[in-house]
**Student:** 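Below is a structure I'd like to ask you about.
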Amino acid sequence: MNKLYFHTRLSEKIGILMQDDKIKDITIDRPTDACRVGSIFLGKIRNVDHSIEAAFVDIGADQVGFLPKSEYPFDQSIVEGSAIIVQIVKEPYQNKGAKLTANITIGGSNIVFLPYGDYLAFSKKLDGDTRKRMENVLKPQLRKKEGLIIRTNSAKKTDSELIHELEQLRASFQELLHSTKNKKAPIVLYRDQLIPSHMLNQYQSYPIDRIYFDELIKMKEMMTRYPHDKDKMEYLPSLPLLEGATIDQILKQLTSPVVQMKEGIVLTIEQTEGLTVIDIDSSQYRSRQNKQATLFQINQKAVPAIAAEINKRNISGIILIDFLKMKRKRRARKNPSVIKKGIRSISCSDGSDGIYQAWTTRNDKKKRKC
């Protein structure tokens with residue numbers, strides 16, 4: 001059974017996906033994480049550099065954001081000191097500011113509203129007949145310059161449900177525009193909620209059985225936004241123990257570099273800006289098999305735990321896994337297939353597993369929640 005738990009009463013909000021009573025995914029939404037992908041700002045143009053066809057926009061972050069010409073139709077209104085509504089498409093990294101766009105997107109469960117998109121795009125998973133139906137239903141509803149991206153889940157919705165969602169997203173954008181009045185740039189206009197909105201969207205195509213909230217007001221808000229999931233939602237004033245631990249204990253485990261497995265295997269996870277290294281320690285493991293069989297067995301047992309930690313800690317980028325070295329080539333060749341089987345349990349947003357040979361694994365999983 002698959003369950004979602006949302007802990008939203010505090011400023012730091014947490015979402016947890018449980019699969020057969022095991023933690024599959026954890027997402028943390030901190031109020032300080034304003035500069036994430038999808039956030040919308042009323043920015044102030046600091047500089048326009050025509051030599052590189054870009055503008056630099058102050059959004060209130062440590063570094064100014066970068067707005068290339070391709071993300072905005074430059075004209076006389078783009079001058080230093082003027083205000084402009086922008087959205088983050090790539091988060092800031094080290095001393096580089098966020099990459100911005102003026103082509104705003106407002107995401108929904110089944111469609112993405114593009115106020116200035118002026119085009120209609122479809123999920124590759126939608127067949128030709130479904131695309132034609134969607135086009136006939138939604139295209140007449142669009143106003144000048146508006147566009148849409150049609151998600152896979154839209155195929156399960158009625159025409160009236162899709163039109164209603166479009167109207168809701170358009171109203172949200174108009175409300176956002178109205179909110180800029182009497183406001184001084186730079187200021188945050190919209191911050192994408194990872195918990196619970198983004199996580200609910202993320203698992204729309206996932207077979208979720210129950211959704212629990214510890215905040216009644218937030219549950220009623222989500223019932224209105226996701227009426228098709230209304231019957232799955234339930235209010236729990238106090239979330240239960242998950243894997244025998246409280247929320248605080250779970251978060252403490254996630255910040256610890258050491259993971260102790262029941263079999264005596266220990267994982268050490270070291271994260272740097274460039275990569276993540278995962279080491280396997282087998283000093284406490286006991287087996288009656290010969291050395292090579294034992295090493296292979298340890299590698300096999302470690303893979304599911306490694307995949308689970310990558311998921312729970314939302315580790316992305318280059319991941320190096322230091323598996324125990326094996327002398328027998330026949331057994332060593334089995335490692336890549338074992339690794340692939342374990343890594344497939346990681347919810348990669350781009351569907352890749354990116355396996356290198358032998359002892360090194362690379363995972364190109366993109367960050368969720370940014």
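Below, all heavy atoms of this structure are taken into account, side chains as well, without hydrogens, waters or symmetry copies.
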**Student:** Has Glu175 got more than 12 heavy atoms of other residues, nucleotides or ligands less than 6.0 Å from its CD?
**Tutor:**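 Open.
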**Student:** Report the C-alpha separation of Ile247 and Ile14 in whole Å, then their side-chain angles, then the decisive distance to 0.1 Å, and conclude whether the side-chain contact (heavy atoms from CB on, under 4.5 Å) test is met.
**Tutor:** CA-CA 9 Å; Ile247 294 291; Ile14 301 168; 3.4 Å; yes
**Student:** Could you pull out the closest heavy-atom pair between Ile111 and Leu162, with the gap in Å?
**Tutor:**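 Taking Ile111 first and Leu162 second, the nearest heavy atoms are CD1-O, 4.0 Å.
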**Student:** Going through the distances and angles, do Val303 and Phe323 end up as a side-chain contact (heavy atoms from CB on, under 4.5 Å)?
**Tutor:** CA-CA 9 Å; Val303 166; Phe323 285 94; 3.7 Å; yes
**Student:** Assert yes or no for the condition that the ring centre distance of Tyr116 to Tyr72 is strictly below 6.0 Å.
**Tutor:**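 Not under 6.0 Å, so no.
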**Student:** Spell out, as yes or no, whether a donor-acceptor pair under 3.5 Å connects the side chain of Gln87 to the backbone of Gly38.
**Tutor:**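 Yes; judged by distance alone, with no hydrogens or angles, the pair exists.
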**Student:** What's the spacing between Lys44 NZ and Ile59 CD1 if we round to 0.5 Å?
**Tutor:**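 Atom-to-atom, Lys44:NZ and Ile59:CD1 are 15.0 Å apart.
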**Student:** Measuring only between side-chain heavy atoms, which start at C-beta, is Met223 closer than 4.5 Å to Met219?
**Tutor:**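 Met223 vs Met219: side chains touch.
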**Student:** Just checking, is any N or O donor in the side chain of Tyr203 or Asp25 under 3.5 Å from an acceptor N or O on the other one?
**Tutor:**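 Yes, because at least one side-chain N or O of Tyr203 sits under 3.5 Å from a partner of the opposite role on Asp25.
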**Student:** Whether Arg170 and Glu167 form a salt bridge (side-chain N of Lys/Arg under 4.0 Å from carboxylate O of Asp/Glu) is what I want to check.
**Tutor:**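 Not counted as a salt bridge, because no side-chain N and carboxylate O are separated by less than 4.0 Å.
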**Student:** Quick check for you: to the nearest 0.5 Å, what is the distance between Leu126 atom CG and Asn153 atom CG?
**Tutor:**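 Between atom CG of Leu126 and atom CG of Asn153 there are 9.0 Å.
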**Student:** Measure across Thr152 and Ser123 and return the closest heavy-atom pair with its distance rounded to 0.1 Å.
**Tutor:**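 Shortest heavy-atom contact: OG1-OG, 2.7 Å.
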**Student:** Please report the shortest heavy-atom distance between Leu67 and Thr101, naming the atom on each side.
**Tutor:**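 Heavy atoms only, the tightest pair is CD1-CA, 3.7 Å.
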**Student:** Please check if the side chain of Arg46 supplies one atom and the backbone of Phe56 the other of a donor-acceptor pair under 3.5 Å.
**Tutor:**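 Checked: no pair found.
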**Student:** If you apply the rule side chain to side chain donor-acceptor pair (under 3.5 Å), what do you find for Asp281 with Ser283, and how did you get there?
**Tutor:** CA-CA 6 Å; Asp281 180 7; Ser283 59; 3.2 Å; yes
**Student:** Can we say Lys157 and Glu165 salt-bridge, meaning some charged N sits less than 4.0 Å from an Asp/Glu carboxylate O?
**Tutor:**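 Not counted as a salt bridge, because no side-chain N and carboxylate O are separated by less than 4.0 Å.
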**Student:** Would you find more than 12 non-hydrogen atoms of other residues, nucleotides or ligands less than 6.0 Å from Lys232 atom NZ?
**Tutor:**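 Yes.
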**Student:** Side chains of Leu17 and Tyr206, heavy atoms from C-beta outward: is any pair under 4.5 Å?
**Tutor:**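 They are in contact (side-chain heavy atoms under 4.5 Å apart), so the answer is yes.
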**Student:** Quick check for you: to the nearest 0.5 Å, what is the distance between Ile278 atom CD1 and Leu320 atom CG?
**Tutor:**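 Those atoms lie 9.0 Å apart.
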**Student:** Restricting to non-hydrogen atoms, name the atom on Arg36 and the atom on Asp29 that form the minimum distance, rounded to 0.1 Å.
**Tutor:**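 Scanning both residues, the minimum pair turns out to be NH2-OD1, 2.9 Å.
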**Student:** Any donor-acceptor pair under 3.5 Å linking the side chain of Arg9 with the backbone of Pro237?
**Tutor:**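 Checking the backbone N and O of Pro237 against the side chain of Arg9, a donor-acceptor pair under 3.5 Å is found.
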**Student:** Is the backbone N or O of Ser197 less than 3.5 Å from a side-chain atom of Tyr226, with the two atoms forming a donor-acceptor pair by type?
**Tutor:**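 Yes; judged by distance alone, with no hydrogens or angles, the pair exists.
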**Student:** Shared ILVMFWY cluster between Ile85 and Leu169, side chains joined below 4.5 angstrom?
**Tutor:**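 The answer is yes; both residues are in one hydrophobic cluster.
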**Student:** Please lay out, stage by stage, how His7 and Ile195 fare under the test side-chain contact (heavy atoms from CB on, under 4.5 Å).
**Tutor:** CA-CA 8 Å; His7 180 59; Ile195 306 299; over 6 Å; no
**Student:** So Tyr5 and Tyr212, would you call those rings parallel, tilted or perpendicular, with 30° and 60° as cut-offs?
**Tutor:**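 Parallel.
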**Student:** Are the side chain of Asn2 and the backbone N or O of Pro207 linked by a donor-acceptor pair below 3.5 Å?
**Tutor:**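 Checking the backbone N and O of Pro207 against the side chain of Asn2, a donor-acceptor pair under 3.5 Å is found.
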**Student:** Kindly indicate whether the side chain of Ile315, heavy atoms from C-beta on, has any atom under 4.5 Å from the side chain of Glu309.
**Tutor:**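 No, every pair of side-chain atoms sits at 4.5 Å or beyond.
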**Student:** Walk me through it: do Phe41 and Leu100 pass the test side-chain contact (heavy atoms from CB on, under 4.5 Å)?
**Tutor:** CA-CA 10 Å; Phe41 298 79; Leu100 308 172; 5.6 Å; no
**Student:** Once side chain to side chain contact (heavy atoms under 4.5 Å, CB included) is applied, do any residues pair with Gln260, and if so which ones, sequence neighbours excluded?
**Tutor:**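 In terms of side chain to side chain contact (heavy atoms under 4.5 Å, CB included), with neighbours along the sequence ignored, Gln260 is linked to Val266.
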**Student:** Could you tell me whether the side chain of Gln204 reaches within less than 4.5 Å of the side chain of Asp229, counting heavy atoms only?
**Tutor:**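 Yes, side chains in contact.
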**Student:** Could you check whether any side-chain heavy atom of Ile280 comes within less than 4.5 Å of a side-chain heavy atom of Ile306, counting everything from C-beta outward?
**Tutor:**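 They are in side-chain contact.
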**Student:** Side chains of Asn311 and Ile23, heavy atoms from C-beta outward: is any pair under 4.5 Å?
**Tutor:**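 Heavy-atom side-chain distance check fails, nothing below 4.5 Å.
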**Student:** Any side-chain to backbone donor/acceptor pair from Arg313 onto Thr255? Under 3.5 Å, distance only.
**Tutor:**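 A pair under 3.5 Å: no.
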**Student:** Return the minimal non-hydrogen interatomic distance between Thr158 and Glu161, and the atom names on each side.
**Tutor:**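 Smallest interatomic distance, heavy atoms only, reads N-OE1, 2.9 Å.
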**Student:** Given 3.5 Å as the limit, does a donor-acceptor pair link the side chain of Glu53 with the main chain of Asp49, or not?
**Tutor:**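 Not at all, since once roles are kept as given, no pair shorter than 3.5 Å links the two residues.
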**Student:** Are there more than 12 heavy atoms of other residues, nucleotides or ligands under 6.0 Å from atom NZ of Lys218?
**Tutor:**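 Buried by this count: over 12 neighbours within 6.0 Å.
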**Student:** Is it the case that over 12 heavy atoms from other parts of the model lie below 6.0 angstrom from the NZ atom of Lys183?
**Tutor:**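 Result for NZ/Lys183: enclosed.
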**Student:** Between the side chain of Thr224 and the main-chain N/O of Lys220, is any donor-acceptor distance below 3.5 Å?
**Tutor:**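 It does hold such a pair.
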**Student:** What heavy-atom pair brings Ile150 and Ser154 nearest, and what distance separates the two atoms?
**Tutor:**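 Distance-wise, the nearest heavy atoms are CG2-OG, 3.0 Å.
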**Student:** Nearest 0.5 Å, what's the CD1-CG distance between Ile45 and Asp58?
**Tutor:**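 One finds 11.0 Å between CD1 of Ile45 and CG of Asp58.
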**Student:** Can you check whether Thr130's main-chain N or O pairs, donor with acceptor, with Asp127's side chain at less than 3.5 Å?
**Tutor:**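 Judged by distance alone, yes, a pair lies under 3.5 Å.
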**Student:** Exactly one of Ile26, Leu194, Leu4 should register a side chain to side chain contact (heavy atoms under 4.5 Å, CB included) with Met199. Which one does?
**Tutor:**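 When Ile26, Leu194, Leu4 are each tested with Met199, the side chain to side chain contact (heavy atoms under 4.5 Å, CB included) holds only for Leu4.
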**Student:** Please say whether more than 12 non-hydrogen atoms of neighbouring residues, nucleotides or ligands are located less than 6.0 Å from NE2 in His228.
**Tutor:**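 Buried by this count: over 12 neighbours within 6.0 Å.
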**Student:** Are Ile88 and Cys35 close enough that some pair of their side-chain heavy atoms sits under 4.5 Å apart?
**Tutor:**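 In short, these two side chains touch, coming nearer than 4.5 Å.
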**Student:** Is the CG atom of Leu177 crowded by more than 12 outside heavy atoms at less than 6.0 Å?
**Tutor:**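 Atom CG in Leu177 is packed in, count exceeds 12.
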**Student:** Do Asn103 side-chain atoms and Gly117 backbone N/O form a donor-acceptor pair below 3.5 Å?
**Tutor:**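 No.
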**Student:** Is the CG atom of Asp21 crowded by more than 12 outside heavy atoms at less than 6.0 Å?
**Tutor:**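 No, CG of Asp21 has 12 or fewer neighbouring heavy atoms, counting only those of other groups under 6.0 Å.
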**Student:** For the residue pair Met261 and Tyr285, establish whether any side-chain heavy-atom pair is separated by less than 4.5 Å.
**Tutor:**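 No, every pair of side-chain atoms sits at 4.5 Å or beyond.
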